[in-house]
Amino acid sequence: MSEAAAQPRTVCRRLVGRTAVVTGAGSGIGLATARRLASEGAHVVCADIDAERGKAAAEELDGLFVATDVTDPGQVAALFAAAHDTYGSVDVAFNNAGISPPEDDSILTTGLDAWRRVQETNLTSVYLCCQHVIPYMRRQRRGSVINTASFVARLGAATSQISYTASKGGVLAMSRELGVQFAREGIRVNALCPGPVNTPLLKELFAKDPERAERRLVHVPPGRFAEPEEIAAAVAFLASDDASFVNAAEFLVDGGIAGAYVTPL
């Protein structure tokens, strides 16, 4: 963890009594966010396809684990039903599960199967989660939906992951539209756009291609990747009433990458 991310922080208690569903809660950004939301008082429902990791997260946080393949409509419906039946509301949905497999590369080499698998996991899953959570929020007349997009939805890269990039662009556009559509019903929908984050997914990708890692790191103004806890802090803000007028936004947490032309030496 970076020195900046490791500094002690006073944690707010902005989510006391609220129910938050986190997909991909077993590791990386999802786990860090589940911990942060729980520390702010939320009942956390941990969804993951990996039962061992998901259960461990839920047990640590005294929350609820629901085994979920986010590409399966029935399992997604059951996830939000379980959250509502257990805690009586669904106030926050952090639709975060995603993949970035090595076979997703240049458009010249990425096969159709890889393209479809990434689209299903990264984009269709967000569609399904929004489709099933928004009816609960409409009945409550309140709710915050945070969909994980990426800074790559805003920038082009010569180190392409073509399906990943396209899927995150879709998340960005869908979040914007839903935020506008349901704003007068007390529902906010925002797209979180992280820069590169020091997670197992990124480590695995870059361990296989150190040159690609160096090519990317040089473009990050602080000279480091984000820590999951730094992204989790942004999610907690968007989930809370402190973000009551933040809606249909592209919420960049990228260390300044999208604003950079030449970075410091």
Q: Could I get the full list of salt bridge (Lys or Arg N to Asp or Glu O under 4.0 Å) partners for Asp242, not counting sequence neighbours?
A: Arg14
Q: Please tell me if the side chains of Pro196 and Phe151 come closer than 4.5 Å, counting only heavy atoms from C-beta onward.
A: yes
Q) Do you know the tightest heavy-atom contact between Ala57 and Ala25? A) CB-O, 3.7 Å
Q | Whether Arg188 side chain and Ala243 backbone form a donor-acceptor pair below 3.5 Å | A | yes
Q) Pro228 and side chain to side chain contact (heavy atoms under 4.5 Å, CB included): which partner among Val197, Leu31, Thr33? A) Val197
**Q.** Nearest non-hydrogen partners of Leu15 and Ser240, listed with the distance
**A.** CD2-CA, 4.0 Å
Q.
Could you go through Val66 and Val45, starting from their C-alpha distance and side-chain angles, then the distance that decides it, and tell me whether this counts as side-chain contact (heavy atoms from CB on, under 4.5 Å)?
A. CA-CA 7 Å; Val66 181; Val45 179; 4.0 Å; yes
Q: Establish whether Val76 and Ile134 are linked, either directly or via other cluster members, by ILVMFWY side-chain heavy-atom contacts under 4.5 Å.
A: yes
Q. Do Glu229 and Arg35 sit within salt-bridge range, that is, some charged N less than 4.0 Å from a carboxylate O?
A. no
Q | Close side-chain approach of Thr148 and Asn95, heavy atoms under 4.5 Å | A | no
Q. When rounded to the nearest 0.5 angstrom, what is the spacing between OG in Ser39 and CG in Leu61?
A. 9.0 Å
(Q) Checking Asp105 against Ser160 for the side-chain contact (heavy atoms from CB on, under 4.5 Å) test, could you report, in this order, the C-alpha distance in whole Å, the side-chain angles of both residues, the deciding distance, and whether it holds? (A) CA-CA 6 Å; Asp105 201 275; Ser160 182; 5.9 Å; no
Q) Going from CD on Glu227 to CG on Asn198, what distance comes out if it is rounded to the nearest 0.5 angstrom? A) 4.5 Å
Q. Under a single-linkage definition using a 4.5 Å side-chain heavy-atom cutoff for Ile, Leu, Val, Met, Phe, Trp and Tyr, are Val21 and Tyr127 assigned to the same hydrophobic cluster?
A. yes
Q | Which residues share a salt bridge (Lys or Arg N to Asp or Glu O under 4.0 Å) with Asp85, sequence neighbours left out | A | none
**Q.** Closest non-hydrogen atom pair, Arg117 against Pro101
**A.** NH2-CB, 3.7 Å
Q) Does the side chain of Arg142 come within less than 4.5 Å of Ile187's, by heavy atoms? A) no
**Q.** Pair His132-Phe80, ring-ring contact (aromatic ring centres under 6.0 Å, His included): steps then yes or no
**A.** CA-CA 7 Å; His132 287 285; Phe80 290 105; 7.4 Å; no
Q: Give the cluster check for Val133 versus Tyr87: same hydrophobic cluster or not, with ILVMFWY residues linked at side-chain heavy-atom distances below 4.5 Å.
A: yes
Check: residues 252-264 side-chain donor-acceptor pairs under 3.5 Å, at least two apart:
from   : atom 1 : to     : atom 2 : distance (Å)
Asp254 : OD1    : Gly256 : N      : 2.9
Asp254 : OD2    : Ile257 : N      : 3.4
Asp254 : OD2    : Ala258 : N      : 2.7
Thr263 : OG1    : Val218 : O      : 2.8

Q | Nearest-0.5 Å distance, CD1 of residue Ile231 to CG of residue Leu192 | A | 6.0 Å
Q. Hey, is CZ on Phe251 packed in by over 12 heavy atoms from elsewhere, all under 6.0 Å?
A. yes
Q | Main-chain N/O of Arg184 paired to Arg141 side chain as donor or acceptor, under 3.5 Å | A | yes
Q: Flag this pair as yes if the NZ/CZ of Arg139 is under 6.0 angstrom from the six-membered ring centre of Tyr136 and inside a 45 degree cone about the axis; otherwise no.
A: yes
Q: Specify the closest pair of heavy atoms between Val118 and Ser167, including all atoms of both residues, with the distance to one decimal.
A: CG1-OG, 4.2 Å
Q: For atom CD of Glu177, decide whether the heavy atoms of other residues, nucleotides or ligands shown that lie under 6.0 angstrom number more than 12.
A: no
(Q) Can you confirm whether more than 12 heavy atoms, excluding those of Arg13, are under 6.0 Å from its CZ atom? (A) yes
Q) Counting N and O atoms only, with roles assigned by atom type, does the side chain of Asp91 sit under 3.5 Å from a partner on the main chain of Ala20, one being a donor and the other an acceptor? A) no
(Q) Quiz question: by atom type and distance under 3.5 Å, do the side chains of Thr124 and Glu120 form a donor-acceptor pair? (A) yes
(Q) Is there a salt bridge (Lys or Arg N to Asp or Glu O under 4.0 Å) between Glu230 and Arg224? Walk through the geometry before answering. (A) CA-CA 12 Å; Glu230 293 175 297; Arg224 66 174 179 87; 2.8 Å; yes
Q: Not counting sequence neighbours, which residues clear ring-ring contact (aromatic ring centres under 6.0 Å, His included) with Phe182? List them please.
A: none
Q. Are Leu79 and Thr23 close enough that some pair of their side-chain heavy atoms sits under 4.5 Å apart?
A. yes
Q. Does the side-chain contact (heavy atoms from CB on, under 4.5 Å) test come out yes or no for Val145 and Leu178, once each step is laid out?
A. CA-CA 9 Å; Val145 178; Leu178 295 176; over 6 Å; no
Q. Is it true that Glu40 and Arg18 make a salt bridge, defined as a side-chain N closer than 4.0 Å to a carboxylate O?
A. no
Q) Apart from Ile107 itself, what residues make up its hydrophobic cluster when side-chain heavy atoms of I, L, V, M, F, W and Y under 4.5 Å apart count as a link, directly or indirectly? A) Leu108, Leu112, Trp115, Ile162
Q | same_hphob_cluster(Ile29, Val44) at 4.5 Å side-chain heavy-atom cutoff | A | yes
Q: State whether the side chain of Asp72 and the backbone N or O of Gln75 hold a donor-acceptor pair below 3.5 Å, judged by distance alone.
A: yes
(Q) Would you compute the distance between atom CG of Leu155 and atom NE2 of His219 and round it to the nearest 0.5 angstrom? (A) 10.0 Å
Q | Non-neighbouring partners of Ser163 that pass side chain to side chain donor-acceptor pair (under 3.5 Å), sequence neighbours left out | A | Gln119
Q: Please assess Asp48 against Thr68 for the test side-chain contact (heavy atoms from CB on, under 4.5 Å), listing each intermediate value before the final yes or no.
A: CA-CA 5 Å; Asp48 207 289; Thr68 310; over 6 Å; no
(Q) Within the 4.5 Å heavy-atom criterion, are Asn147 and Val189 side-chain neighbours or not? (A) yes
Q: Answer yes or no: is there a side-chain heavy-atom contact under 4.5 Å between Ile49 and Val70?
A: no
**Q.** Asp104 side chain vs Tyr164 backbone, donor-acceptor pair below 3.5 Å
**A.** yes
Q | Check: Phe225 and Val220 side chains under 4.5 Å, non-hydrogen atoms | A | yes
Q.
I need the Ser144 OG to Phe94 CZ distance, nearest 0.5 Å.
A. 10.5 Å
Q: Specify the closest pair of heavy atoms between Arg36 and Ala236, including all atoms of both residues, with the distance to one decimal.
A: CG-CB, 3.8 Å
Q: Could you tell me the separation between the CG atom of Asn122 and the NZ atom of Lys168, rounded to the nearest 0.5 Å?
A: 4.5 Å
**Q.** Considering all heavy atoms, the nearest Thr165-Val152 contact
**A.** CG2-O, 3.6 Å
Q.
Do the side chains of Arg176 and Glu250 get close enough for a salt bridge, i.e. N-O under 4.0 angstrom?
A. yes
Q) Is it true that a side-chain atom of Gln140 and a backbone atom of Val90 form a donor plus acceptor pair closer than 3.5 Å? A) yes
